[in-house]
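Step one of this worksheet: look at the structure below.
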Amino acid sequence: MRVTAIYPGTFDPMTVGHIDVARRASSMFDDLIVAVAASTNKGPYFSLEERVDMATLILEDLENVTVQSFSGLLMDYARDVPSRVIVRGLRAISDFEYEVQIAGVNRHLAPEVETVFIAAAQEYTFLSSSIVREIARMHGDVSEFVHPVVIDAFARRQQLASNSNNNR
Ligand code: ADP
């Protein structure tokens with residue numbers, strides 16, 4: 001039986017930490033779906049379409065990985081796929097509390113779906129999308145933390161913002 005796992009997240013934007021988890025998960029399962037959450041409640045910086053397009057380009061060399069978007073309950077999405085494995089990355093104690101809580105709720109909603117945690121690589125434990133956004137906002141160098149596709153997207157966004165400021 002082929003096992004399809006889902007790696008869900010907001011990926012706003014995808015970082016090298018996310019890429020590392022996706023790469024490692026793709027070697028553990030037959031197929032991996034990187035599922036980009038609409039996460040409208042988080043007010044994402046990049047649109048859902050941008051986040052999906054970037055992740056698709058970034059992960060295109062991984063043959064058994066596809067990128068999809070979803071909204072609503074992750075467990076409903078998992079049943080639709082269908083998939084019985086959710087992959088999440090764990091960076092620190094702070095992630096642990098939240099992730100275990102979510103895994104518990106998800107198990108309650110869909111007992112047949114298992115959540116599997118992949119420990120972040122040591123060098124990426126400090127890395128988060130929000131830190132990358134913050135550095136980029138201050139025009140800092142994020143090239144060590146994200147794929148060039150993401151750097152281009154930040155540059156485009158900042159260009160748009162400066163054009164609209166100049167037109168005021
Ligand atoms: P969410 O909004 O669902 O938390 P994120 O895009 O922030 O989505 O993260 C998706 C998953 O990737 C989460 O399980 C998160 O803990 C994990 N993750 C985030 N950054 C890293 C990293 N640097 N290394 C490993 N895992 C990470």
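Whatever order the structure lists ligands and atoms in, that order sets their numbers, starting from 1. Just so it is clear, the structure is predicted and the values come from calculations on it, not from any experiment. As a basis for the values below, the full set of heavy atoms in this structure was taken, side chains included, without hydrogen atoms, waters or symmetry mates.
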**Request:** Report the nearest protein non-hydrogen atom to atom 6 (O) of ligand 1: residue, atom name, distance rounded to 0.1 Å.
**Result:** Phe11 N, 2.9 Å

**Structural part of Thr10 in contact with ligand 1, heavy atom criterion under 4.0 angstrom** = both

**Prompt:** Heavy atom of Met14 under 4.0 Å from ligand 1?
**Reply:** no

**Prompt:** Once you round to the nearest 0.5 Å, how far does CG of Asn163 lie from CD of Gln158?
**Reply:** 12.0 Å

**Message:** For Phe154 and Tyr45, take the angle between the two ring planes, folded into 0 to 90°, and tell me which bin it lands in: parallel under 30, tilted 30 to 60, perpendicular over 60.
**Reply:** tilted

**Message:** If you take the nearest heavy atom of each of Ala35, Gly89, Ser94, which one is closest to atom 16 (O) of ligand 1?
**Reply:** Gly89

**Message:** With heavy-atom distances below 4.0 Å as the criterion, list the atoms of ligand 1 near Pro8.
**Reply:** 10 (C)

**Message:** Under a 4.0 angstrom heavy-atom cut-off, which atoms of ligand 1 come close to Lys42?
**Reply:** 1 (P), 2 (O), 4 (O)

**Note, Asn106 side chain near Val113 side chain (heavy atom, < 4.5 Å)** = no

**Prompt:** At under 4.0 Å between heavy atoms, which part of Ala37 makes contact with ligand 1: side chain, backbone, both or neither?
**Reply:** neither

**Item:** Euclidean distance, Ser129 OG relative to Glu134 CD, rounded to 0.5 Å
**Value:** 13.0 Å

**Request:** Just jot down the ligand 1 atoms closer than 4.0 angstrom to any heavy atom of Arg88, in number order.
**Result:** 1 (P), 3 (O), 4 (O), 10 (C), 11 (C), 13 (C), 14 (O)

**Heteroatom distance test (Thr15, ligand 1): nitrogen or oxygen, under 3.5 angstrom** = no

**Asked** Does Ala120, backbone or side chain, put an N or O under 3.5 Å from an N or O of ligand 1?
**Response** no

**Request:** Would you please determine whether Tyr7 falls within less than 4.0 Å of ligand 1 on a heavy-atom basis?
**Result:** yes

**Asked** Would you say Ile135 and Phe145 make side-chain contact, with heavy atoms under 4.5 Å?
**Response** yes

**Fill in**
ligand 1 atoms nearer than 4.0 angstrom to some heavy atom of Glu99 are 13 (C), 14 (O), 16 (O)

**Item:** Which residue and heavy atom of the protein sit nearest atom 21 (C) of ligand 1, plus the separation
**Value:** Arg91 CD, 3.5 Å

**Arg157, CZ atom: more than 12 neighbouring heavy atoms under 6.0 Å** = yes

**Message:** Show me which atoms of ligand 1 lie under 4.0 Å from any heavy atom of Val21.
**Reply:** 25 (C), 26 (N)

**Request:** Quick one: look up the protein heavy atom nearest atom 9 (O) of ligand 1 and list residue, atom name and how far away it is.
**Result:** His18 NE2, 3.4 Å

**Message:** Has Arg91 got a side-chain atom pairing as donor or acceptor with Leu127's backbone, closer than 3.5 angstrom?
**Reply:** yes

**Test ring pair (Phe, Tyr, Trp, His ring centres under 6.0 Å) applied to Phe70 and Phe11, Tyr77, Tyr7, the passing residue** = Tyr77

**Request:** Could you go through the salt bridge (Lys or Arg N to Asp or Glu O under 4.0 Å) check for Asp152 and Arg156 one step at a time?
**Result:** CA-CA 6 Å; Asp152 290 349; Arg156 268 200 311 276; 5.5 Å; no

**Message:** Within this structure, what is the CD-OG1 distance for the pair Gln68 and Thr56, rounded to the nearest 0.5 Å?
**Reply:** 10.0 Å

**Any Ala121 heavy atom less than 4.0 Å from ligand 1** = no

